[in-house]
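Before any comments, here is the structure.
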Amino acid sequence: MDFASILNLVIGLIFIYFLIALACSTIQELIAHYLDLRAENLEKWLKDTFRENNLGEKFLNHRLIDGLTAQGRRASYIPSKVFSGVLLDLVNKSDMPYDLSSLKESLKTSDLPEDLKRRLLQSISEAKNGLEDVKRDIEGWFNDCMDRISGTYKKKAQYFIVIISTAVVIFLNVDTINIIQYLYNHPAESAALADKISENIQTLDIEKQAVLPDTLGTEAKIDLKIKELKQIQASLDATKLPFGWQKVDGEFSFRELTNKLLGLIFSIIAGIVGAPFWFQTLNKLVNLRGAGAKPQD
C-alpha cells in the first residue's frame with residue numbers, strides 16, 4: 001500500500017471522526033436549547049451576584065434585557081454594553097439623565113452589594129473621560145465574569161458529550177477498526193471518498209456557520225438542529241461505509257470481541273475530542289494530499 005493510498009484511508013477515517021464529533025456537539029446543543037441551559041446559567045449568576053433586594057430579578061425584568069429575546073424567552077447572552085447601561089440605570093433612581101456626580105450620590109443609597117458599590121465609587125473617582133470610563137470598567141468586569149461562567153458551562157457540557165458520544169457510536173456501530181479494514185480492502189472507494197472530501201473541504205468549516213440568534217424561539221432552534229443532524233446522517237450514508245448493527249451467525253471470538261470494543265472506544269474518544277480539532281486535522285491532510293498530487297497530462 002503506497003503513501004497516497006494510506007493518506008486516502010486516513011482522510012476517510014478523519015472525516016468519519018469529524019462527522020461523529022459534529023453529530024455529538026449538535027445533539028448537545030439540541031439538549032441545551034431544549035433545557036435552556038445557557039439562559040439558566042446566566043439567570044443563576046445574576047440572582048446570586050445581585051441577591052440583595054431582588055436586584056437580580058430587576059435585572060432580568062429590565063426592558064433592555066427583556067427586549068433582547070422573543071416574548072416568553074429568557075436571555076442566554078447579554079452584551080456588555082447593555083449590562084453596563086442596565087446597571088447604571090438601576091443605580092440612578094431619578095428619571096433625569098445622570099452624570100458622574102449624581103451617579104456617585106445615587107450609589108450611596110443603591111441596592112448594590114457593598115463590595116460592588118466600593119468598586120464603582122473607586123471607578124468614578126478615577127474616571128478621566130467621564131461616564132465612558134465607568135462603563136468601560138463595568139463592561140470589563142462583566143466580560144471577566146462571563147468568561148468564568150462560560151468555562152463552567154463548557155465543563156458541564158463535556159460530561160454530556162461523553163454520554164452522547166458513547167450513545168451515538170454504539171447506536172450507529174461506528175467501529176474504527178472495521179472502517180479501517182474496509183477502506184484498506186477497498187482502495188478505489190477510499191480514493192473516491194478522499195476526492196469528494198477534498199473538493200468540499202471548505203463547506204465543512206464549522207467556524208463559518210452562523211450562530212443562532214437569541215431572538216429565535218426554542219422550537220425554531222431545535223428544528224434547525226434537527227435539520228443539521230439529518231444533513232450529518234445523509235453525509236454518513238453517502239460514504240457507504242459499514243455502519244449499523246447486523247445479525248451475526250455464531251458467537252464472537254475473544255479476538256473479534258476485543259477488536260469490536262477497541263474500535264468502538266476509539267470512535268467514542270473521537271466524538272469527545274470535538275469537531276473543530278478533526279476539521280483542522282482533515283484540512284491539513286487534504287492540503288498535504290493536494291500538494292502531493294501528480295499533475296494531469
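Along the sequence shown, residues are numbered consecutively beginning with 1. As the structure is a prediction and not an experimental result, all values here were calculated from the model.
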Exercise for review: Would you indicate whether the side-chain heavy atoms of Asp133 and Arg136 approach each other to under 4.5 Å?
Suggested key: yes
Exercise for review: Quick one: list whatever passes salt bridge (Lys or Arg N to Asp or Glu O under 4.0 Å) with Glu114, sequence neighbours left out.
Suggested key: Lys117
**Study point:** Glu139 vs Lys81 side-chain heavy atoms within contact, under 4.5 Å
**Key:** yes
Review point. Hey, are Ser5 and Asn8 close enough side-chain-wise for a donor-acceptor pair under 3.5 Å?
Key: no
**Study point:** Side-chain heavy atoms of Phe279 within contact of Ile201, under 4.5 Å
**Key:** yes
Check your understanding: Do Glu40 and Leu35 come close enough that some side-chain heavy atom pair is under 4.5 Å?
Key -> no
Practice item. Start with the C-alpha distance between Ile14 and Ile197, add both sets of side-chain angles, then the distance that settles side-chain contact (heavy atoms from CB on, under 4.5 Å), and finish with yes or no. Key: CA-CA 10 Å; Ile14 298 301; Ile197 294 168; over 6 Å; no
Check your understanding: Quick one: does Leu183's side chain get under 4.5 Å of Leu241's, heavy atoms only?
Key -> yes
Check your understanding: Run the side-chain contact (heavy atoms from CB on, under 4.5 Å) check on Leu64 and Asp89 step by step: do they pass?
Key -> CA-CA 10 Å; Leu64 289 178; Asp89 188 55; 5.8 Å; no
Exercise for review: Run the numbers on Tyr17 and Phe266 for ring pair (Phe, Tyr, Trp, His ring centres under 6.0 Å), then give the verdict.
Suggested key: CA-CA 10 Å; Tyr17 281 174; Phe266 290 149; 8.6 Å; no
Exercise for review: Any chance you could lay out the side-chain contact (heavy atoms from CB on, under 4.5 Å) test for Leu87 and Leu112, step after step, and finish with the verdict?
Suggested key: CA-CA 9 Å; Leu87 179 62; Leu112 292 181; 3.5 Å; yes
**Study point:** Set of residues satisfying side chain to side chain donor-acceptor pair (under 3.5 Å) with respect to Glu57, sequence neighbours excluded
**Key:** Lys47
Practice item. State whether a side-chain donor-acceptor pair under 3.5 Å links Asp195 with Ser198. Key: no
**Study point:** Distance-only side-chain donor-acceptor flag, Lys260 / Asn173, under 3.5 Å
**Key:** yes
Review point. What salt bridge (charged side-chain N to carboxylate O under 4.0 Å, His left out) pairs are there with at least one residue in residues 141-168, not counting sequence neighbours?
Key: none
Point to revise | Gap between atom OH of Tyr182 and atom CZ of Phe243 - 0.5 Å precision | key: 10.5 Å
Point to revise | Lys/Arg N to Asp/Glu carboxylate O, Asp115 vs Arg118, below 4.0 Å | key: no
Check your understanding: Above 12 or not: heavy atoms from other molecules or residues under 6.0 Å from CZ of Phe160?
Key -> no
Point to revise | Residue pair Leu88 / Ile138, side-chain heavy-atom distance below 4.5 Å | key: yes
Point to revise | Side-chain touch Arg38/Tyr77, heavy atoms, less than 4.5 angstrom | key: no
Check your understanding: Less than 4.5 Å apart, any side-chain heavy atom of Lys104 and any of Leu120?
Key -> no
